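Written out below as structure tokens is the structure these notes cover.
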Amino acid sequence: MLQKLTAQEQAEALTQLKDWSLVDGREAIKRTLIFKDFNAAFGFMTRVALYADKHDHHPEWFNVYNRVEVTLATHDVQGLSIRDVKLATFINEIYHQ
Ligand SMILES: C[C@H](O)[C@H](O)[C@H]1CNC2=NC(N)=NC(=O)C2=N1
């Protein structure tokens, strides 16, 4: 059963997630990523999309040209879960690759 992270777990997770921050007024985390051009941004989004489809956990995101703004939350628990931490970790790992 997917569990909602406690406030303590959220704080601990954020210390491990470089460049991610809590969304004001919402149990969600966000990060903005900048790429050299749209091609690189969309290639990144494609990799994240394949991960999301495989893990059944999808980002909320916005893209304009070389910028991708990502927000993560687990709708099924109305908050943050381990799936958000894992997806944010994946995103940090592939960014700059
Ligand atoms: C039916 C499907 O498994 C669920 O709707 C999944 C899909 N992707 C999801 N993505 C996110 N971010 N949160 C969810 O709760 C979620 N639930």
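For ligands, and for the atoms within them, numbers begin at 1 and follow the listed sequence. Since the structure is predicted, the reported quantities are computational estimates derived from the model, not experimental observations.
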Would you check if the distance from the ring center of F35 to the ring center of Y65 is below 6.0 Å?
no
Report yes if some heavy atom in the side chain of T71 is under 4.5 Å from a heavy atom in the side chain of F62; otherwise report no.
no
Atom pair CG (D19) and CG (L33), whose distance is rounded to the nearest 0.5 Å
8.5 Å
Within-4.5 Å side-chain heavy-atom neighbours: V23 and I29:
no
List the residues meeting side chain to side chain donor-acceptor pair (under 3.5 Å) with W20, not counting sequence neighbours, and say none if there are none.
N92
Is it true that L22 and V85 fall in one hydrophobic cluster, defined by side-chain heavy atoms closer than 4.5 Å?
yes
Residue contacts for ligand 1, heavy atom to ligand atom, distance under 4.0 Å:
D56, H57, H58, A73, T74, H75, D76
